[in-house]
Amino acid sequence: MTRPRLLPWSEDGKPTYLDTSNPNSVLSRLADQMEEAQLTVGQEIFDRARRLLEDPDASRSELRFTAIRLVECLFDALRIAESRGERLDDIEEADEEAATSGDDGDKDTTTSVGQEADQ
């Protein structure tokens, strides 16, 4: 059994989770795409911040604005790392269970009521 996936967006400032056993469901793929976009933006902001810090004439407002964007990107990256770490833990636990039970892990899965339908 896998735990719900921490999604890369929130609702009213609260973490949101997806409860599905299908990593290829519509919402799972959307979350993967959003994580990729967030990491791409983070890399772009990092590159711009590095160049700005090398500029001795950078203004206080430019530096402050950049610091705020960097904090936002760091928050996103940490959320992605937490989500992916939890999913890795689930994979390791499933592998250990399969090894001890002799299960090869190729069984079909179903979802419970209230979970996203596997697409």
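Alongside Leu52, the hydrophobic cluster contains Leu53, Leu63 (criterion: ILVMFWY side chains under 4.5 Å). In this structure, Phe46 shares a hydrophobic cluster with no other residue, the cluster being traced through Ile, Leu, Val, Met, Phe, Trp and Tyr side chains under 4.5 angstrom apart. Hydrophobic clustering, defined by side-chain heavy atoms of Ile, Leu, Val, Met, Phe, Trp and Tyr closer than 4.5 Å, groups Tyr17 together with Leu6.
Side-chain heavy atoms closer than 4.5 Å link hydrophobic residues (I, L, V, M, F, W, Y) into clusters, and following such links, possibly through other members, connects Val41 to Leu70.
Geometrically, Arg79 does not engage Phe75 in a cation-pi contact, judged by NZ or CZ lying under 6.0 Å from the ring centre and within 45° of the ring axis.
Nearest approach of Glu62 to Asp57, heavy atoms of both residues: OE1-O, 4.4 Å. Gly42 approaches Cys73 most closely through the heavy-atom pair CA-SG, 3.7 Å. Scanning both residues, Arg5 and Glu35, for their nearest heavy atoms gives NH2-OE2, 3.3 Å.
Side-chain contact between Arg51 and Asp55 is absent, with no heavy-atom pair separated by less than 4.5 Å. Ser28 is listed as a side-chain neighbour of Leu18, based on a closest heavy-atom distance under 4.5 Å.
Proximity of a side-chain donor or acceptor of Arg69 to a complementary backbone N or O of Ile45 within less than 3.5 Å is not detected. Using a distance-only test at 3.5 Å, with no hydrogens or angles considered, no donor-acceptor pair links the side chain of Ser83 to the main chain of Pro8.
Between the CG atom in Leu7 and the CG atom in Leu30 there is a gap of 8.5 Å [rounded to 0.5 Å]. If you take CG on Asp76 and CD1 on Ile80, they are separated by 6.0 Å, rounding to the nearest 0.5 Å.
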